[in-house]
Amino acid sequence: MKPSRLLHLRGLFVSIPPALAAVILAAPCLGYSFLYDDYDFLSSVHSHGLANLLPDARSLFYRPLSREAWFGAISLLHLDRPMVFHTLNALLLAL
């Protein structure tokens, strides 16, 4: 085998245990319902437009683009059920 191939395989084997541990540790929480602000974020996605992704001086809290984009994508794909949402978050954590 080529040395670059061996390094790639070594990197893969080194990264699998932490990813697997993340999914195993998240597994008990996959069945939880949404909590407090999750409902707020999901409802705000339906009522806001692209202009709401920009900073707003009137807003009490800063809403990072990544969070707004994530909730927007989840809502757009109709994956806004708690079990699906938590599973996607666990997979994203594993990656």
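The model shown is predicted, which means the values in this text are computed figures rather than measured ones.
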Under 3.5 Å donor-acceptor pairs involving side-chain atoms of residues 14-28, not counting sequence neighbours:
unit_1	atom_1	unit_2	atom_2	d
Ser15	OG	Gly11	O	3.1
Ser15	OG	Leu12	O	3.0

Inset, instruction - List, by chain and number, the other hydrophobic cluster members for Leu91, where Ile, Leu, Val, Met, Phe, Trp and Tyr join if side-chain heavy atoms come within less than 4.5 Å, directly or indirectly. - result: none
Legend entry - Side-chain donor/acceptor of His86 to backbone N/O of Gly31, under 3.5 Å: no
Legend entry - Separation between CG of Leu88 and CZ of Arg81, rounded to the nearest 0.5 Å: 10.0 Å
Legend entry - Path from Phe34 to Leu92 over hydrophobic side-chain contacts below 4.5 Å: yes
